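Owing to the predicted nature of the structure, the values given are computational and were not obtained by experimental measurement.
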Amino acid sequence: MESLARLLLLVAAAGCAAGALATTPHPAKGLRVRLTHVDAHGNYSRLQLLQRAARRSHHRMSRLVARATGVPMSSKAVASGSGGDLQVPVHAGNGEFLMDLAIGTPALPYAAIVDTGSDLVWTQCKPCVECFNQSTPVFDPSSSSTYAPVPCASDLCGDLPTSSCTSASRCGYAYTYGDASSTRGVLATETFTLAKSELPGVAFGCGDTNEGDGFSQGAGLVGLGRGPLSLVSQLGLDKFSYCLTSLDDTGKSPLLLGSAAGIAESAATAPAQSTPLVKNPSQPSFYYVTLTGLTVGSARITLPSSAFAIQDDGTGGVIVDSGTSITYLEAPGYRALRKAFVAQMSLPVADGSEVGLDLCFQAPAGGVDQVRVPKLVLHFDGGADLDLPAENYMVLDSASGALCLTVMPSRGLSIIGNFQQQNFQFVYDVAKDTLSFAPVQCGKL
């Protein structure tokens, strides 16, 4: 059982000073950047923060599931004047953390949403046909000496899931994110500056038609998925890692690229554990792992091996995602987990609709200092156990006294969210196809 004394301040504003730290000349030698939570500077109440995170998670889960299950979607997309209708696939999109970049020569700084569930790197570009408001100037390709449109015949254009050819033989792209958010424009190459290192020739989407409220925190998106157009793939990185601070911590959340990405053993409070990354040919960009079981308190939940497996049609499976706050489990697994929590909690079940979560308990009037909740452990292939502290899966709304589980049901895909990842360093070794993790005080990394 785990004490909840720390939960009183759990869902507070996250924040970290944005900026670049390293001066290494090439990502192979390791880069370090800082991530800022999207609500860090919003001055939101605890309840508002939790509601916003839950709402974003539900929207993102819907997008991810739509993409994984192949729900047909079409969009009337005019890709940079192509004039043709494109059948536009659904992508993950949006996320919970921002990273600082600079683009072009001379370099123009901007903040972009980090997304481990998608590939394309893109930003808004002039002249805008339709653009959302952003806090930094919109990138003007005509002002950069290193901007170059990608021709239709390029291999980079071929890496797009959907492309079109403009009248100037430029490669047009169109992405939709399943909630009326979308970006359309021209694929180009440009010099990006990351952690004070210039990275020439990065392919990115220069979007002149961009819609959706989900991108308003940043000026675009940086995909860290497994596909060929992601920043990870383009830079040829063997691995990357991040360590997300808890929501009541105003410290930085470091993102480490290349050789800097190994587990910080000196800062870890327990040995690192590893599990294989699994590839799903139907969804090659996602980071899948094999979830073999769950333990709630003293109860090991036994489920058939098919419960969290990737199915023959590409559905199912479990992904690790930095851009979803809440963890979502396929319905059979979630029902078993929910039943175990209800059986082992000594508090009455409460209505969690205001918070936006499924399972909540009514905390006692005297507070939660003496409340204890069942331990939650996620078991992965290879014997790796993610043994979670209470603050990684239970949140308290002090106004209503609702103590809520940050796990929800899903259908078609399971997702390990960032609430469960906080204060663990996660290392994605794409060269060795392994995911490693260890408990670390991320603010000290």
Side-chain angles (χ1 to χ4, degrees), residues 4 6-16 35-65 92-98 113-115 117 132-133 177-181 212-218 244-250 253 321-329 334 338 341 347-363 367-368 371 373 376 388 390-410 415-422:
L4 292 185
R6 294 181 58 197
L7 290 180
L8 284 169
L9 297 176
L10 176 61
V11 188
C16 59
L35 303 181
T36 305
H37 193 270
V38 294
D39 284 337
H41 307 299
N43 195 28
Y44 298 110
S45 68
R46 183 177 295 119
L47 177 58
Q48 288 172 326
L49 286 166
L50 185 53
Q51 290 171 327
R52 288 171 62 83
R55 184 166 59 249
R56 286 192 301 265
S57 287
H58 298 337
H59 286 314
R60 182 171 172 85
M61 183 271 290
S62 297
R63 285 191 293 273
L64 290 166
V65 168
N94 299 8
E96 292 291 293
F97 295 90
L98 301 168
I113 296 170
V114 175
D115 185 8
F132 52 81
N133 292 330
Y177 295 100
D179 63 346
S181 296
D213 295 335
F215 303 119
S216 58
Q217 299 97 335
L244 306 177
T245 57
S246 58
L247 293 180
D248 60 343
D249 190 337
T250 58
S253 290
D321 182 43
S322 65
T324 308
S325 290
I326 295 167
T327 283
Y328 293 89
L329 298 178
Y334 174 75
R338 189 186 196 280
F341 265 98
L347 300 175
V349 173
D351 181 9
S353 58
E354 183 179 7
V355 181
L357 295 169
D358 178 67
L359 179 60
C360 294
F361 301 91
Q362 188 60 51
V368 296
V371 173
V373 300
L376 177 58
L388 298 171
E391 60 264 28
N392 283 35
Y393 58 93
M394 298 292 287
V395 293
L396 174 70
D397 171 28
S398 57
S400 67
L403 184 62
C404 301
L405 179 69
T406 56
V407 183
M408 295 276 284
S410 66
I415 305 166
I416 308 298
N418 65 52
F419 277 170
Q420 285 62 45
Q421 298 176 50
Q422 64 185 15

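Separating the CG atom in Asn418 from the OG1 atom in Thr324 is a distance of 7.5 Å, to the nearest 0.5 Å. Here CZ of Arg60 is found 7.5 Å from CD1 of Ile415. Values are rounded to the nearest 0.5 Å. Distance CE/Met61 to CZ/Arg56: 15.0 Å, rounded to 0.5 Å. One distance of note links CD1 of Ile113 with OG1 of Thr36; it measures 12.0 Å at 0.5 Å rounding. Interatomic distance, OG of Ser253 versus CD of Gln422, reported as 9.5 Å (0.5 Å rounding). To the nearest 0.5 Å, atoms OG1 (Thr406) and CG (Leu50) are separated by 8.5 Å.
For the side chain to side chain contact (heavy atoms under 4.5 Å, CB included) with Leu388, the qualifying choice from Met394, Gln421, Gln420 is Gln420, the only one to do so. Under the side chain to side chain contact (heavy atoms under 4.5 Å, CB included) test applied with Ile326, the options Leu405, Leu357, Val395 reduce to a single match, Leu357.
Looking at heavy atoms from C-beta onward, Leu98 lies out of side-chain contact with Val114 at the 4.5 angstrom threshold. With contacts defined as side-chain heavy-atom distances shorter than 4.5 Å, the pair Thr327/Met408 does not qualify. The side-chain heavy atoms of Val407 and Tyr334, taken from C-beta on, include a pair separated by under 4.5 Å. Between Phe341 and Leu359, the closest side-chain pair of non-hydrogen atoms falls below 4.5 Å. Residues Gln362 and Leu403 fail the side-chain proximity criterion, which asks for heavy atoms closer than 4.5 Å. No side-chain heavy atom of Val371 sits less than 4.5 Å from a side-chain heavy atom of Phe361.
Considering all non-hydrogen atoms of both residues, Ala363 and Leu396 come closest at CB-CD1, 4.3 Å. Pairing each heavy atom of Gly356 with each of Ala54, the nearest pair is O-CB, 3.9 Å.
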Could you go through the side-chain contact (heavy atoms from CB on, under 4.5 Å) check for Phe97 and Leu244 one step at a time? CA-CA 9 Å; Phe97 295 90; Leu244 306 177; 3.8 Å; yes
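With hydrogens and angles disregarded, a donor-acceptor distance shorter than 3.5 Å links the side chain of Tyr328 to the backbone of His58. For Gln51 (side chain) and Glu354 (main-chain N/O), a donor-acceptor pair under 3.5 Å exists by modelled atom type. The backbone N or O of Phe419 lies less than 3.5 Å from no partner atom in the side chain of Ser325, so there is not a single donor-acceptor pair.
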